[in-house]
Amino acid sequence: MEFGITFKGFVSPARARNLVRQAEEAGFTHCWFYDSHVLWRECYPAIAMCMEHTKKMKFGPCVTNPNSRDWSVAASLFASLALQSEGRFVVGLGRGDSAMRVMGKKPAPLARVAEFTQKVKAMVRGDEVQYGESPEAVKFPWANGYELPVHIGAYGPMALKTAGEVGDGVILQIAEPALVKWFADQAIAAGKEAGRDMSNFQVIAAAPAFTGDMDKCLEATKWFPAMVGNHVADIVEKYGAHSGLVPESLTAYIEQRKGYDYSKHGQSDNPYLDFITDDIVESFCVLGGIDAHIAKLLELEKAGTTQFNIYLDNGDEERIIADYGNKIIPHFTR
């Protein structure tokens with residue numbers, strides 16, 4: 001199992017440079033940035049900067065979407081970053097939940113997510129591509145054949161199906177092993193049904209991790225289940241609370257949810273946290289002493305997780321990276 005970290009756009013440039021150098025030395029293989037350009041600074045200048053301060057670490061948005069940028073602009077940006085980093089650029093892709101809704105717009109439908117995946121990958125590769133917003137076909141004369149990995153964020157059955165059919169992996173914003181397996185199995189089954197070789201399909205579990213006293217761990221990461229609940233509420237609204245298409249364990253905790261403030265997306269001061277219980281926080285995150293982290297990560301690995309991606313935004317970031325590098329990652333890289 002590999003390990004990644006994710007930054008939000010308000011980490012200072014100097015600190016980002018220091019943290020990625022520390023994380024690469026500690027054994028982390030990936031660094032991701034939230035891509036929600038209104039809530040946080042544009043992530044791609046930060047990615048380009050961090051690439052220049054690392055040698056092996058891969059970078060990408062977690063997640064971008066099909067609606068923020070013209071597709072040729074997105075493809076040119078991705079191909080340029082892949083070229084200058086010698087192949088160290090990957091993409092996490094979603095519908096554009098916060099990026100669109102904070103402006104009063106709707107996220108992209110899944111058919112558009114699938115088409116974006118296929119056509120942007122083709123443009124990055126150097127193929128001639130026709131897409132809806134461009135009357136003429138687009139072909140980059142400088143493209144070098146890079147095969148862009150695109151991992152699709154998903155919870156609901158249709159999104160998981162899309163991830164399996166067209167994605168190189170699935171991003172699951174949760175670290176509960178049974179749920180990770182439940183989601184991943186659906187994506188992999190959809191890919192196999194579509195005739196794809198799923199042997200290298202990536203399953204990325206993305207969630208906060210915090211080491212130390214459990215009370216402090218819980219307080220530091222309570223914001224995360226609220227963000228998850230926001231996505232789950234969309235799925236429940238579409239499919240129904242007891243449809244069998246969403247696990248009961250995932251829907252039960254949002255019954256007392258009263259709303260969500262997109263201006264506080266993914267932040268600890270979001271006002272809609274009252275429905276979150278300690279059990280839910282502990283279930284969705286990786287918390288506690290070093291042994292507890294190792295035990296849960298082994299469960300995640302057994303459930304099919306190929307990368308654990310830490311949402312590194314709870315305080316003590318340097319300490320958490322050091323704890324993982326010194327005491328946890330070695331158990332998974334022997």
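Note that these values count all heavy atoms, side chains included, but never hydrogens, waters or copies made by symmetry.
Side chain of Asn65 to main chain of Ser68: a donor-acceptor pair is present (N/O by atom type, distance under 3.5 Å, no hydrogens or angles). Looking at Thr305, its side chain never comes within 3.5 Å of a backbone N or O of Ala205 through a donor-acceptor pair. Using modelled atom types, one side-chain atom of Arg88 and one backbone atom of Ser85 make a donor-acceptor pair closer than 3.5 Å. A donor-acceptor pair under 3.5 Å is absent between the side-chain atoms of Ser76 and the main chain of Ser72, judged by distance alone. Without hydrogens or angle criteria, Lys121 side chain to Pro149 main chain gives no donor-acceptor distance under 3.5 Å. With hydrogens and angles disregarded, no donor-acceptor distance shorter than 3.5 Å links the side chain of Glu193 to the backbone of Gly191. Proximity of a side-chain donor or acceptor of Asp168 to a complementary backbone N or O of Val150 within less than 3.5 Å is detected. Remark: side-chain polar atoms of Glu2 are not paired, donor with acceptor, to backbone N or O of His30 under 3.5 angstrom. Not one N or O on the side chain of Asp127 forms a donor-acceptor pair closer than 3.5 Å with the backbone of Met123.
Residues Val90 and Leu172 are members of separate hydrophobic clusters, defined by side-chain heavy-atom contacts under 4.5 angstrom among Ile, Leu, Val, Met, Phe, Trp and Tyr. Under the 4.5 Å side-chain contact rule for hydrophobic residues, Ile152 and Val63 do not share a cluster. Cluster annotation: Phe201 and Ile174 are assigned to the same hydrophobic cluster (Ile/Leu/Val/Met/Phe/Trp/Tyr, side-chain heavy-atom contacts under 4.5 Å, transitive).
Pro157 is not listed as a side-chain neighbour of Lys161, based on a closest heavy-atom distance of 4.5 Å or more. Looking only at side-chain heavy atoms (C-beta outward), Lys302 and Pro177 stay at 4.5 Å or farther from each other. The shortest distance between side-chain heavy atoms of Arg41 and Lys8 does not fall below 4.5 Å. Looking only at side-chain heavy atoms (C-beta outward), Val170 and Ile204 stay at 4.5 Å or farther from each other. Looking at heavy atoms from C-beta onward, Cys50 lies in side-chain contact with Phe33 at the 4.5 angstrom threshold. At least one side-chain heavy atom of Leu287 sits under 4.5 Å from a side-chain heavy atom of Met214. Taking the side chain as every heavy atom from C-beta outward, Phe308 and His293 never approach each other to under 4.5 Å. Contact annotation: the side chain of Phe224 never approaches that of Val281 to less than 4.5 Å [non-hydrogen atoms, C-beta and beyond].
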From CA spacing to verdict: side-chain contact (heavy atoms from CB on, under 4.5 Å), Glu317, Leu19: CA-CA 8 Å; Glu317 286 80 10; Leu19 286 168; 4.2 Å; yes
Worked check of side chain to side chain donor-acceptor pair (under 3.5 Å) between Asn309 and Thr6: CA-CA 7 Å; Asn309 174 21; Thr6 294; 2.8 Å; yes
Chi angles and distances behind the salt bridge (Lys or Arg N to Asp or Glu O under 4.0 Å) call for Glu165, Arg196: CA-CA 7 Å; Glu165 289 176 342; Arg196 302 184 70 200; over 6 Å; no
Test salt bridge (Lys or Arg N to Asp or Glu O under 4.0 Å) applied to Glu42 and Arg69, step by step: CA-CA 12 Å; Glu42 178 71 7; Arg69 300 165 187 86; 2.8 Å; yes
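With respect to Glu133 and Arg112, a salt bridge is recorded, a charged nitrogen being found less than 4.0 Å from a carboxylate O. Here Glu24 does not pair with Lys56 in a salt bridge; the nearest charged N to carboxylate O distance is not below 4.0 Å. Contact check on Glu25 versus Arg21 returns no salt bridge, with no Lys/Arg side-chain nitrogen under 4.0 Å from an Asp/Glu carboxylate oxygen. Using a cutoff of 4.0 Å between basic side-chain nitrogens and carboxylate oxygens, Asp197 and Lys192 are not scored as salt-bridged. A salt bridge is absent between Lys296 and Glu301; no separation between the charged side-chain nitrogens and carboxylate oxygens falls under 4.0 Å. Salt-bridge formation is detected for the pair Lys216/Asp316: a Lys NZ or Arg NE/NH1/NH2 atom is positioned less than 4.0 Å from an Asp or Glu carboxylate oxygen. Salt bridge Asp291/Lys327: absent, no basic N to carboxylate O contact under 4.0 Å.
Here the closest non-hydrogen pair linking Ile5 and Ala23 is CD1-CB, 3.7 Å. The shortest heavy-atom contact between Pro61 and Ile47 is N-CD1, 4.2 Å. Closest of all the heavy-atom pairs between Gly4 and Gln307 is CA-OE1, 3.8 Å. Taking every heavy atom of both residues into account, Leu39 and Ser98 meet most closely at CD1-CB, 4.0 Å. A pairwise comparison of heavy atoms in Asn314 and Ala209 identifies ND2-O, 4.0 Å as the closest pair. In terms of heavy atoms, Thr221 sits closest to Pro208 at CG2-CB, 3.6 Å.
In this structure, Arg15 is not positioned above the aromatic face of Phe7 in the sense of NZ or CZ being under 6.0 Å from the six-membered ring centre and within 45° of the axis.
Lys222 contributes atom NZ, which lies 7.5 Å from atom CD1 of Ile276 (distance to the nearest 0.5 angstrom). Going from atom CG of Asn326 over to atom CD1 of Ile321 covers 11.5 Å, rounded to the nearest 0.5 Å.
The number of heavy-atom neighbours closer than 6.0 Å to CD of Glu86, taken from other residues, nucleotides and ligands shown, is 12 or below.
Between Trp223 and Tyr311, the angle of the ring planes stays under 30°, which puts this pair in the parallel group of the 30/60° scheme.
Applying the ring pair (Phe, Tyr, Trp, His ring centres under 6.0 Å) test to residues at least two apart or on different chains, the pairs with a partner in residues 45-75 are Trp71-Phe116, Trp71-Tyr131. Applying the ring pair (Phe, Tyr, Trp, His ring centres under 6.0 Å) test to every pair with at least one member in residues 164-198, sequence neighbours left out, gives these pairs: Tyr155-Phe183.
Taking the six-membered ring wherever Trp is involved, the centroid distance between the rings of Phe89 and Phe78 falls below 6.0 Å.
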